[in-house]
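Quick note on labels: first sequence line is chain A, next is B, and so on, each numbered from 1.
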2 protein chains.
Amino acid sequence: MGIELSLSNALWLLHDISLDIVHDDDKDLSPRQLTILLTVYLETPPHTVRGLAEKLQVSKPVITRALDAMSVAGLLKRRRDNEDKRNVLVQRTVAGALYLEGLAEIVQNRAADLRI
Amino acid sequence: MGIELSLSNALWLLHDISLDIVHDDDKDLSPRQLTILLTVYLETPPHTVRGLAEKLQVSKPVITRALDAMSVAGLLKRRRDNEDKRNVLVQRTVAGALYLEGLAEIVQNRAADLRI
DNA sequence: TTAGAATAATTCGGTTCCGAAACAACAACT
DNA sequence: AGTTGTTGTTTCGGAACCGAATTATTCTAA
């Protein structure tokens, strides 16, 4: 199970992906923002500010500010939890899904181009 | 040649790597800084400020500031080019090599853990 | 019902980053 | 020599980010 990568190939893969992201990404997400976005889209809901802060091991204001920025960019949206109105549920958007799909294609292509 | 990844696996790989980096990395390199570091260590020398700026398609001050930060952290070092003293040659360090080796291991492990 | 806990957001001061422009040092060429 | 071009750095104002503390809202449980 899984993929066997040499150390060299692992670094080259990281290099190629990073270069593509620096080139293409006008959104310029920080590592934390990207991690939040990926978590919201991949892991099973619900996603709260507190849960995300624990998952990433950062403070809650960091999550709040990251959500502010990505909400403005339309990459995800907030909704109040009607069960417990203290909670904010972070939800996906079409724009966010498209953005991550582009990112996934970068990874796909760079992995496919690796000289094994 | 290369590795075939589904879109889902590509995203999960990115997610797992990002999460590890956010967790472990006290150095907290920006995407640009990481890309510079990987370029210096992987591509064939010499590496100049101008060359790196062109490669990443960013301005030269961005490179200068990134080199400042990473020099302080000991991840790489600058040396004047004796052939053309306008140039600064960016060179590797032991600390930088160790840092990238740790990063490569993260990628290796997360790729190995993928459910294909 | 009321005191305490939990949640997310906001404020605060300080730091860092950015892009554009100006700058200093050096090279190349007439 | 002198002029022009190149290279890397620095400066400047504005914007973004951070951690810690505070606030407002909501829930929980005595």
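Residues from residues 43-52 of chain A lying near DNA chain C, meaning a heavy-atom separation below 4.0 Å, are T48(A), V49(A), R50(A) in numerical order. Listed in residue order, the members of residues 80-91 of chain B having a heavy atom less than 4.0 Å from DNA chain D are R86(B), N87(B), V88(B). Listed by residue number, the members of residues 62-77 of chain B with any heavy atom below 4.0 angstrom from DNA chain C are V62(B), R65(B).
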*Verdict with reasoning, D113(B) to D16(B), per side-chain contact (heavy atoms from CB on, under 4.5 Å)*: CA-CA 10 Å; D113(B) 289 347; D16(B) 294 342; 6.0 Å; no

_Applying side-chain contact (heavy atoms from CB on, under 4.5 Å) to L103(A) and L100(A), what does each step give before you reach the verdict?_
CA-CA 5 Å; L103(A) 230 49; L100(A) 285 185; 4.1 Å; yes

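Across I3(A) and L114(B), no two heavy atoms sit closer than the pair CD1-CD1, 4.3 Å. Of all non-hydrogen atoms in L37(A) and Y99(A), the two that sit nearest each other are CD2-CD2, 3.6 Å. The minimum heavy-atom distance between T35(A) and S18(B), with the atom names listed, is OG1-CB, 3.3 Å. Contact detail for A104(A) and A10(B): the closest heavy-atom pair is O-CB, 3.7 Å. Nearest heavy-atom pair, A66(B) versus Q33(B), reported as atom, atom and distance to 0.1 Å: CB-CG, 3.9 Å. Closest heavy-atom contact between V22(A) and P31(B): CG2-O, 4.0 Å.
Running 5' to 3' along DNA chain D, contacts with non-hydrogen atoms of chain A at under 4.0 Å begin and end at dC17(D) to dC27(D).
Judged by distance alone, with hydrogens and angles left aside, the side-chain atoms of R80(B) form a donor-acceptor pair with the main-chain N or O of R86(B) at under 3.5 Å.
Each of L13(B), L14(B), L19(B) was evaluated against I17(B); a single residue qualifies, L13(B), per the side chain to side chain contact (heavy atoms under 4.5 Å, CB included) test.
Per the geometry, CD belonging to Q57(B) stands 13 Å off P belonging to dG19(C), to the nearest Å. Protein atom CZ of R78(A) is 9 Å distant from nucleotide atom C1' of dA9(C), rounded to whole Å.
For the pair R92(A)/P45(A), a side-chain contact is recorded, criterion being any heavy-atom separation below 4.5 Å from C-beta on.
In terms of phosphate contacts, R32(B) brings no side-chain nitrogen or oxygen within less than 4.0 Å of OP1 or OP2 of dT16(C).
Sorted by first then second residue, the side chain to side chain donor-acceptor pair (under 3.5 Å) pairs that include residues 101-112 of chain A, not counting sequence neighbours, are D20(A)-R110(A). Sorted by first and then second residue, the pairs that involve residues 46-58 of chain A and meet side chain to side chain donor-acceptor pair (under 3.5 Å), not counting sequence neighbours, are E43(A)-K55(A), R50(A)-E54(A).
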